[in-house]
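Since the structure comes first, as structure tokens, the remarks are kept for the end.
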Amino acid sequence: MSTPVRVRFAPSPTGPLHPGGVRTALFNYLLARQTGGTFILRIEDTDQTRFVPGAEQFIIESLEWCGMKFDEGVHVGGPHGPYRQSERKAMYRQYADQLIAAGHAYYAFDTEEELEEMRERLKKANVASPQYNSITRVNMKNSLSLPADEVQRRLDAGDPYVIRFKMPRNEEVRVKDIIRSWVVVNTSQLDDKVLFKSDGMPTYHLANVVDDYLMKITHVIRGEEWLPSTPLHVLLYQAFGWEAVMPQFAHLPLLLKPDGDGKLSKRDGDRLGLPFYAINWTSPETGETTLGYRESGYFPEAYVNFLALLGWNPGDNREIFSLEELVQAFSLERVNKHGARYDFTKLNWFNQQYLRNRPHAELAEMVVPQVLAAGHMVDMDFLTEAIRLMNERMTLVGDFYKMSQYFFEAPTTYDEEVVAKRWKAPVPAFIEKLQAAFAGLNSWDAASCEAIFNETATAMELKPGQLMQAYRLAISGQGAGPAIFELTALLGRDQIVARLAAALNTLGHG
RNA sequence: GGCCCGUUCGUCUAGGGGUUAGGACACCAGAUUUUCAUUCUGGUAACAGGGGUUCGAUUCCCCUACGGGCUACCA
């Protein structure tokens, strides 16, 4: 086991946690467990305008469903709290001041209109990317361009201001990324990012660096969308004099739309009518519920397994991994660089694999609510047997009742295609004879039922094979299903005899 | 537009200067199952393009194309 890492998953509570976030959390989690390290949940809520009630709880619950538990975090506490940035508000100011004192940051008093004006002006002058930087800042209202006494006067008067990073004019910043190796950017491409907002809150950039430092984070594992701002973060570590304890960076490839172009988004789930989040999400604004994998009857193990293999692979041909096995096998070095299309066809396959390996009795338990919801009494022995028969035909636990309704009630309709094809003389006559034969049968089990079925057919000089589907139709209303005599045995004599009578009644005696 | 990152079957990916370019999902076909599903067997299918370097490039370098990300007092 290598050195214990301290890693954090740091979402902002602006909405439900989407699959990319779950995977980012997962990779953090795996590394933490593998090294005997610490997995931390930090809530990045520095933008108070985007706060969505319930989002934080949703994040926690989603990850718990997946099997991930945090060692430190907003909900479990820990020695480096608080873990909600809004509650750490008072801590950031001193670090911003430290930067100003060292000449790495400055006050800026520009209004929104002035900033807009600046951008417009630069655009007109054909500047490729208008930014607040070493060149433009001399024309703006800040503590670098204004006389010292005016700066002081504005400060004393309580004029609104932000604190900006003083980006060096022309320096190479080298970022070492575990997944991408060295990324080099010249500071001439970077702007004087706002570190401290006029509302007294830090921006992500400041808060993230300060908190990672304070929380002794060793590895920053986050989405690729953060790669462009990482040079700024590196510069901040240097400005603070924290290079020696700067975390290592790993930027994960993005999850892409299942079809079409672009980054995976919530819309894709809605559009395809498939579950999208780990668990059901109800929007506090619209009250609309987006279906989750949990509620759709997926196994968290299958979901995690599927997600882990999006962007990472073990280097051999293994595909099925428990969480524990993932912990053993995972490494950031084997995470690939390119985005992965979020094609959940394969998730169904994973789910099937897990479904088949689950004990029948356990699956039976899981299916109880569906049966109850349909208004039927629950008999666990019966259910377990039904699962045994249906197991290999199901993809999701949630599929059970709708595939197996005829286990619980006699069919009221019959598949018309099958009727047309199979329900014709001499079938009805055979069914009548069969009904009588079943009624007089001594022992009731699959083998006996099959034997009497064959005898009855042979006596009429018919081939059993040609009658089988009609029989299934009479019992289940469908042309396909599980082993028919196993089903016969399970349903019981009374039920079978009654269903044969009903079929003759509905479909005709020929 | 600028900057950054990327590009192997439809999808997830392995591989790596000389390979019949491997696996999985999906798909198709055959076998088994009287049905359907399962299972088994087989099959279709990929190194974005152009230049280098090299005896030899899919693999290394450059360019182009394409895709993605970022470009806010959002994270």
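Side chains included, hydrogens not; waters and symmetry mates left out as well; all remaining heavy atoms used.
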ask   = Within the modelled atom types, does a donor on one side and an acceptor on the other bring the side chain of A:Ser198 and the base of B:C73 under 3.5 Å apart?
value = yes
ask   = Below 4.0 angstrom from OP1 or OP2 of B:C73, is there any side-chain N or O of A:Arg164?
value = yes
task = Using whole Å, report how far CD of A:Glu224 lies from P of B:U71.
result = 13 Å
query = When you compare B:G18 with B:U32, how far apart are their P atoms, in angstrom units rounded to a whole number?
reply = 44 Å
ask   = Rounded to the Å, how far apart are A:Lys176 NZ and B:C5 P?
value = 14 Å
ask   = Within the modelled atom types, does a donor on one side and an acceptor on the other bring the side chain of A:Arg50 and the base of B:C74 under 3.5 Å apart?
value = yes
query = When the C1' atoms of B:A65 and B:G50 are considered, how many whole Å apart are they?
reply = 10 Å
query = Of A:Leu347 and A:Gln466, whose nearest nucleotide on RNA chain B comes first from the 5' end?
reply = A:Leu347
query = Within less than 4.0 Å of OP1 or OP2 of B:G6, is there a side-chain N or O belonging to A:Lys263?
reply = no
request  = Would you mind classifying the nucleic acid contact of A:Ser12 as base, sugar-phosphate or nothing, using non-hydrogen atoms under 4.0 angstrom?
outcome  = sugar-phosphate
query = Which whole number of Å gives the distance between the P atom of B:A26 and that of B:G69?
reply = 29 Å
Pairwise C1' distance, B:A24 and B:G15 [rounded to whole Å] = 15 Å
query = The side chain of A:Ile484 lies closest to which of these nucleotides: B:C74, B:U34, B:C70?
reply = B:U34
key: A:Phe350 ring center near A:Tyr303 ring center (under 6.0 Å)   = no
inquiry  = Mind checking if A:Asp415 touches a base, just sugar-phosphate, or nothing, with heavy atoms under 4.0 Å?
reply    = nothing
request  = Using a heavy-atom cut-off of under 4.0 Å over every strand shown, decide if A:Arg472 touches base, sugar-phosphate, or nothing.
outcome  = base
query = If you look at every strand shown and take non-hydrogen atoms under 4.0 Å, does A:Val162 touch a base, only sugar-phosphate, or nothing?
reply = base
Atom-pair distance (CH2 on A:Trp226; C1' on B:C3), nearest Å = 17 Å
ask   = Does the ring of A:Tyr106 carry A:Arg164 above it, NZ/CZ under 6.0 angstrom from centre and within 45° of its axis?
value = no
key: Span that lies between the C1' atom of B:C63 and that of B:U53, in whole angstrom   = 15 Å
query = Given B:C12, is OP1 or OP2 found less than 4.0 Å from the side-chain N or O atoms of A:His338?
reply = no
Cation-aromatic face contact A:Arg174/A:Trp182, 6.0 Å, 45 degrees = yes
query = Over how many whole Å does the gap from A:Leu232 atom CG to B:C73 atom P extend?
reply = 13 Å
task = Measure from the side-chain heavy atoms of A:Arg356 and tell me the nearest of B:C5, B:U39, B:G69.
result = B:U39
inquiry  = If you go through the side-chain atoms of A:Arg341, does one of them form a donor-acceptor pair with the base of B:U11 closer than 3.5 Å?
reply    = no
message = With a 4.0 Å cut-off on N to O distance, would you call A:Lys141 and A:Asp110 a salt bridge?
response = no
query = So does A:Arg422 get a side-chain nitrogen or oxygen closer than 4.0 Å to the phosphate oxygens (OP1/OP2) of B:U34?
reply = no
query = Under 4.0 Å between a side-chain N or O of A:Asn313 and OP1 or OP2 of B:U13?
reply = no
query = For A:Asn336, which contact category applies under a 4.0 Å heavy-atom criterion: base, sugar-phosphate, or nothing?
reply = sugar-phosphate
request  = Please state the C1' separation for the pair B:U44 and B:C9 - nearest whole angstrom.
outcome  = 10 Å
inquiry  = What is the separation between atom CZ on A:Arg318 and atom C1' on B:C25, rounded to the nearest whole Å?
reply    = 19 Å
task = Send over the distance from A:Phe350 CZ to B:U13 P, rounded to a whole Å.
result = 11 Å
A:Lys337 with A:Glu224: basic N within carboxylate O range, under 4.0 Å = no
key: Complementary nucleotide for B:C27 - Watson-Crick or wobble, under 3.5 Å   = B:G43
key: B:G2 and B:G22, which share atom name P, separated by this distance in whole Å   = 41 Å
task = Indicate whether OP1 or OP2 belonging to B:A75 is found under 4.0 Å from a side-chain N or O atom of A:Thr46.
result = yes
ask   = Distance between the C1' atoms of B:U8 and B:A48, in whole angstroms?
value = 11 Å
message = Measuring from the side chain of A:Trp349 (C-beta onward, heavy atoms only), which nucleotide among B:A24, B:U34, B:C5 has the closest atom?
response = B:A24
ask   = Should A:Phe485 and A:Pro482 count as side-chain neighbours, where that means a heavy-atom distance under 4.5 Å?
value = no
key: d(CG, A:Asp47; C1', B:A72) in whole Å   = 10 Å
query = Taking the six-membered ring of A:Tyr132, is the NZ or CZ of A:Arg137 close enough (under 6.0 Å from the centre) and on axis enough (within 45°)?
reply = no
inquiry  = Less than 6.0 angstrom separating the ring centers of A:Tyr92 and A:Phe196, yes or no?
reply    = no
key: Atom-to-atom span, CG of A:Asn348 to C1' of B:A37 - whole angstrom   = 15 Å
query = Would a 4.5 Å heavy-atom cut-off, applied to side chains only, mark A:Val127 and A:Arg121 as touching?
reply = no
query = Under a 3.5 Å cut-off for both distances, is B:C9 Watson-Crick or wobble paired, and to whom?
reply = none
ask   = Distance check: side-chain N/O of A:Arg334 vs OP1/OP2 of B:U13, anything under 4.0 Å?
value = no
ask   = For B:U38, what is the paired nucleotide under Watson-Crick or G-U wobble rules, both distances under 3.5 Å?
value = none
query = Below 3.5 Å, does any donor atom in the side chain of A:Lys346 face an acceptor in the base of B:A24, or the other way round?
reply = yes
message = For a quick check of understanding: with a heavy-atom distance under 4.0 Å over all strands, which category does A:Arg119 fall into, base, sugar-phosphate or nothing?
response = sugar-phosphate
Closest to the A:Thr203 side chain, choosing from B:C4, B:A24, B:A75 = B:A75
inquiry  = Does A:Gly223 reach a base, just sugar-phosphate, or nothing at all? Heavy atoms under 4.0 Å.
reply    = nothing
task = Just compare B:C70, B:G2, B:C73 and give me whichever is closest to any side-chain atom of A:Ser129.
result = B:G2
